[in-house]
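Along the sequence shown, the residues carry numbers beginning at 1. First listed ligand is number 1; within each ligand, the first listed atom is number 1.
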Amino acid sequence: MLHVSHRANSVLASPIRKFLPMVLDAEKKGIHVYKINVGDPDIFVPKEFWRGLKMYKEKTIGYAPSTGIREHTEAWVKYYKRIGIKLEPKNIIPTVGCAEAILLAMMAVADPGDEVIVFEPMYTSYKGFASMSNITLVPITLKIENNFSLPDESEIVKKITKRTKAIIVINPNNPTGSILSKKEMDMIVRIAVKHNLYIIADEAYREIVFSQKPTTFLSYINAKENIIVLDSISKKFSCPGTRIGSVASFNEDFMRAILKFAMVRLSAPTLEQYGAIPLLLNAPRLTKEVTKEYKKRRDIVYKGLKKIPGVFCTEPKGALYIIAKLPIANAEGLVEFLLKKFSYKNKTVLVTPAEDFYITKGLGRNEIRIAYVLNTKALKDAMDILQRGIRNFLM
Ligand SMILES: Cc1ncc(COP(=O)(O)O)c(C=O)c1O
């Protein structure tokens, strides 16, 4: 009998996709399912993307250079310049989404058996990539009651061992919607410099912040060598299917390592690199529009959740997600109930149980994550249906 690797067995099935068969069954019965479970926005890609595609004049679609198409990489450089970061093209490499940037960055800084400190709950792909690369994630648990703020410096330092290579931060955060304060960013940088660690900062949602200016760890010039920033056009320009992200660092050894990996995987998508050029060049205007829309949606979801008796959540400050603690022991049971046994006016709602966003077993069972990826009218209806669904579940 043939076996797949332990590595393959250790990767969890996507928590987001496992309810798909139940969704299909509900839809077969004529029930409309509001899907607020994945960060796949319904917002149209800005028309600038199509303009960018037209810049492609070749008759063949060849590989792009591993370092990125020159104009595309330069567009990233200009984009960063506008937020005050002076990169050279050698400091940034386009990737196949931020997802690939995560894998390449982790593999460039850590060997099998090495450790990376993370804050849970966290974006689940990190867990999968850690399993694929035999890197151990060492979690520090953040609490919803504390607004998911970071613990004291000593609590983080306690987790550092001889095998620790990096600290991963997601800012703004998926799944919590929290953002790091300046004090927290300063603390992470201080720890990394003192203990000779990399900071892998996933800033895929950088501009989607509701009451402050976008920030980046790249601004810490005193920690230039330690900082690696991962980026994406998926969310800020509403085009996750384009699969364009980037990895940036002033650390030349690190960038050389990334370039070697980038050559192994050949290139990021050719046409989409063109499409992304005008998006990156018009980022301030385009991201302002999209953030305004997410703020409206955030308000609807947050208010909707606050109205549900027994539900606890705090106001998200960025990204497009919120975590809510339910008066229910097992959120997975609720999700199954909503899909299999409940509907209101032939409609129901799909949310994500938060358990899989945690590494520590048993945490997050009574929490759900909502992605506010539907228009305001649909979201209002979805929140009403969620409230009714929870009430029915508890009856
Ligand atoms: C925190 C975070 N990083 C990375 C990604 C992956 O982004 P991309 O579509 O650019 O691969 C996501 C997608 O949801 C995310 O939430």
Going by distance only, is there an N or O of Lys235 that falls short of 3.5 Å from an N or O of ligand 1? yes
Do Tyr205 and Tyr321 have ring centroids that are under 6.0 Å from one another? yes
Top protein contact for atom 12 (C) of ligand 1, by heavy-atom distance: Tyr123 CZ, 3.3 Å
Name the one of Arg365, Arg369, Lys361 that satisfies salt bridge (Lys or Arg N to Asp or Glu O under 4.0 Å) with Glu355? Arg365
I want to check something: taking the side chain as every heavy atom from C-beta on, are Asn171 and Asp202 in contact at a cut-off of under 4.5 Å? no
Below 3.5 angstrom, do we get any N/O pair linking Ala204 and ligand 1? no
Closest to atom 2 (C) of ligand 1 (heavy atoms only, candidates Asp231, Asn174, Thr95, Asp202) is Asp202
Starting from atom 15 (C) of ligand 1, find the nearest protein heavy-atom neighbour and note its residue, name and distance. Tyr205 OH, 3.5 Å
Can you list the atoms of ligand 1 that are under 4.0 Å from a heavy atom of Arg243? 8 (P), 9 (O), 11 (O)
If the cut-off is 4.0 Å to any non-hydrogen atom of Ser232, which atoms of ligand 1 fall inside it? 8 (P), 10 (O)
Is there a side-chain contact between Leu137 and Lys127 in this structure, where contact means two heavy atoms from C-beta onward sitting under 4.5 Å apart? yes
Does Arg388 pair with Asp384 as a salt bridge, N-O distance under 4.0 Å? yes
Taking heavy atoms and a distance under 4.0 Å, where does Glu100 meet ligand 1: side chain, backbone, both or neither? neither
Close side-chain approach of Glu27 to Val33, heavy-atom, < 4.5 Å: yes
Protein contact of atom 7 (O) of ligand 1 - nearest heavy atom, named by residue and atom, plus distance: Cys98 CB, 3.6 Å
Which ligand 1 atoms are under 4.0 Å away from a heavy-atom of Ile170? 1 (C)
Which heavy atom of Lys236 sits nearest a heavy atom of Glu203, and at what distance? NZ-O, 4.2 Å
Would you mind running through ligand 1 and noting each atom that sits below 4.0 Å from a heavy atom of Gly97? 10 (O), 11 (O)
Carboxylate-amine/guanidinium contact Arg163 Glu115, below 4.0 Å: no
Is the shortest N/O to N/O distance between Ala99 and ligand 1 below 3.5 Å? yes
Note: Ser234, heavy atoms under 4.0 Å from ligand 1, region reported as side chain
Check: Leu338 and Leu350 side chains under 4.5 Å, non-hydrogen atoms: no
